[in-house]
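The structure appears below as structure tokens.
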Amino acid sequence: MASVSFAEPSFVELVPALVGESNFSTWTTSLKWTLDSRDTRYYALLTGAWSEPSAVDPTQPTPAEVEDRTQWDTASRYLLPLLNATVHHTAKFYILDANNARTAYANLHRAFAARSYEAGFANFLKFINTTYTSNRPQAFVNEWRLALGELQECNSTKLTPLLIFYHFLNAVSTNPAAHEWLDGFLSSKVSTDTTIESTFTDFVVFEERRLHALNQAHSFSLNKGNHLPYFCQFHQRQAGHSSANCFRNPAYLALDKSAPAPTPAPAPAPRAVTEDPPVE
């Protein structure tokens, strides 16, 4: 009786396509089982347990170091297309720039691995509470982008560009002084081509100009109400005299003491008194 042979299932039949957080655990478990059946070092390479070899002296590697590096590079070149074949097209941009299998897997793990509820909720609260409450527009944009990035690491597949765009506008709206920018931006500059980066730029430029004009007006108002022409550093206030002519200035006092004393006016000459002759 002839023996019956069965075709071995392909790699993509054994490992489901990774679509995101929802099936990352299933994907990575299937990936490990499948790779371990071929070589236990493969999954170790992906997770970093089999670290990338490096020579002690890169200019003169030993034969053993060259062999270790060759084996690691060969395994990485074998694994990289397998990872690409098991990642859904919506998530492939996470591995497009990866130059080896270890980097590609690390990018996917960072994007889709399950995070704890506490850490994810803390990042969510930080994001929604980052609002424009100061008069430092660029510092606010930097802080808001950082909070967004931390949240995206926990929940990268559910924040659409439109949601991100309108949340930024909401974060700005908490400052009444910024409503002028919001009204003008929404009425004349928003289009289908508007990006979040261009929104950042427009906001910062407008706010910097508004704050500069406000400071200029404030300085003019202070100077207009002040009629004293000098600021005396010895009195620490506006004054009608300069610091050089202040009586508290040591240099002025020394100058005053070294001045020659005025010559006193000569005393009047004594007037001669002539006695009247006695009356006889």
### Task
Any chance you could lay out the side chain to side chain donor-acceptor pair (under 3.5 Å) test for T103 and N100, step after step, and finish with the verdict?
CA-CA 6 Å; T103 301; N100 59 61; 3.0 Å; yes
### Query
Are the side chains of E197 and F200 in touch, meaning some heavy atoms are under 4.5 Å apart?
yes
### Summary
When rounded to the nearest 0.5 Å, the distance separating CG of N107 from CZ of R102 is 9.5 Å
### Query
Hey, mind stepping through Y132 and F203 against side chain to side chain contact (heavy atoms under 4.5 Å, CB included) and telling me if it holds?
CA-CA 11 Å; Y132 183 45; F203 165 73; 3.7 Å; yes
#### Entry: Minimum heavy-atom distance S25-T29, with the two atoms named
O-OG1, 2.8 Å
### Task
Group every Ile, Leu, Val, Met, Phe, Trp and Tyr by side-chain heavy-atom contacts under 4.5 Å, then state whether L148 and I128 land in the same group.
yes
### Query
Do the side chains of F127 and V141 join up, straight or via other hydrophobic residues, at under 4.5 Å, putting them in one cluster?
yes
### Message
Filter on salt bridge (charged side-chain N to carboxylate O under 4.0 Å, His left out), then keep only pairs touching residues 121-144, sequence neighbours left out; what's left?
### Response
K126-E150
### Message
Please say yes or no: joined through hydrophobic side-chain contacts below 4.5 Å, possibly via intermediate residues, are L80 and L82 part of one cluster?
### Response
no
### Query
Linking I/L/V/M/F/W/Y whenever any side-chain heavy atoms sit under 4.5 Å apart, do I196 and Y166 land together?
yes
### Task
Write down the atom of N175, the atom of S134, and the distance for their closest heavy-atom approach.
ND2-O, 3.5 Å
### Query
What residue pairs, at least two apart or across chains, pass salt bridge (charged side-chain N to carboxylate O under 4.0 Å, His left out) with a residue in residues 162-172?
none
### Message
Does any part of the side chain of Q71, heavy atoms only, come nearer than 4.5 Å to the side chain of E67, both counted from C-beta?
### Response
yes
## Note on the structure
In this structure, OG1 of T199 is separated from CZ of F185 (nearest 0.5 Å) by 3.5 Å
### Query
In Å and rounded to the nearest 0.5 Å, what is the CG to CD1 distance from N84 to I95?
4.5 Å
### Approximate separation, where rounding is to 0.5 Å, of F11 CZ and T34 OG1
5.5 Å
### Message
Apply side chain to side chain donor-acceptor pair (under 3.5 Å) to residues Y43 and T28 and explain how you reach the verdict.
### Response
CA-CA 10 Å; Y43 191 74; T28 192; 3.0 Å; yes
### Task
Report the relative orientation of the aromatic rings in H109 and F24; use parallel for angles under 30°, tilted for 30 to 60°, perpendicular for over 60°.
perpendicular
## Note on the structure
On a heavy-atom basis, the closest approach of P137 and L211 is CD-CD1, 3.9 Å
### Task
For N135 and L214, run side chain to side chain contact (heavy atoms under 4.5 Å, CB included): C-alpha distance rounded to whole Å, both residues' side-chain angles, the deciding distance at 0.1 Å, then the answer.
CA-CA 11 Å; N135 286 329; L214 189 63; 6.0 Å; no
### Task
Not counting sequence neighbours, which residues clear side chain to side chain donor-acceptor pair (under 3.5 Å) with T90? List them please.
H88
### Message
Would you say that L46 contacts L83 through its side chain, given a criterion of any heavy-atom pair below 4.5 Å between the two side chains?
### Response
yes
#### Entry: Where T59 and P61 come nearest, the two heavy atoms and their spacing
C-CD, 3.6 Å
### Query
So does D97 have more than 12 non-hydrogen atoms from other groups sitting under 6.0 Å from CG?
no
### Task
Indicate whether the side chain of R145 and that of N142 have a donor and an acceptor atom separated by less than 3.5 Å.
no
### Message
Applying a strict under-4.5 Å side-chain criterion to I, L, V, M, F, W and Y, I'd like to know whether I164 and L186 cluster together.
### Response
yes
### Message
With rounding to the nearest 0.5 angstrom, report the OG to CZ distance, S54 to R69.
### Response
8.0 Å
### Query
For residues 30-45, which residue pairs qualify under salt bridge (charged side-chain N to carboxylate O under 4.0 Å, His left out), counting only residues two or more places apart or in two chains?
K32-D36, D39-R41
#### Entry: Within-4.5 Å side-chain heavy-atom neighbours: W33 and V15
no
### Message
Other residues, nucleotides and ligands only: do more than 12 of their heavy atoms fall within 6.0 Å of CZ on F206?
### Response
yes
### Query
Which residues pass the side chain to side chain donor-acceptor pair (under 3.5 Å) test with E180, sequence neighbours left out?
none
### Query
Between E13 and S10, which heavy-atom pair has the shortest distance, and what is it?
OE1-N, 2.7 Å
### Query
Heavy atoms, side chains only, cut-off 4.5 Å: are S37 and L14 in contact?
no
### Task
Could you walk me through whether L35 and L45 pass the side chain to side chain contact (heavy atoms under 4.5 Å, CB included) test, one step at a time?
CA-CA 11 Å; L35 291 177; L45 184 150; over 6 Å; no
### Query
How far does OG of S76 sit from OH of Y105, to the nearest 0.5 angstrom?
14.5 Å
### Donor-acceptor pair, side chain of T47 and main chain of A44, under 3.5 angstrom
yes
#### Entry: Atom of A111, atom of E21 and distance for their closest heavy-atom approach
O-OE2, 4.1 Å
### Query
So do L182 and H179 actually touch side chain to side chain, heavy atoms under 4.5 Å?
yes
Side-chain donor-acceptor pairs under 3.5 Å in residues 167-174, sequence neighbours left out?
from : atom 1 : to   : atom 2 : distance (Å)
H167 : ND1    : W144 : NE1    : 3.4
S173 : OG     : N170 : O      : 2.7
T174 : OG1    : A171 : O      : 3.0

### Task
Give the intermediate values and the outcome of side chain to side chain contact (heavy atoms under 4.5 Å, CB included) for residues F140 and E207.
CA-CA 11 Å; F140 159 69; E207 277 295 281; over 6 Å; no
### Message
Would you say OH of Y78 has more than 12 non-hydrogen atoms from neighbouring residues, nucleotides or ligands within 6.0 angstrom?
### Response
yes
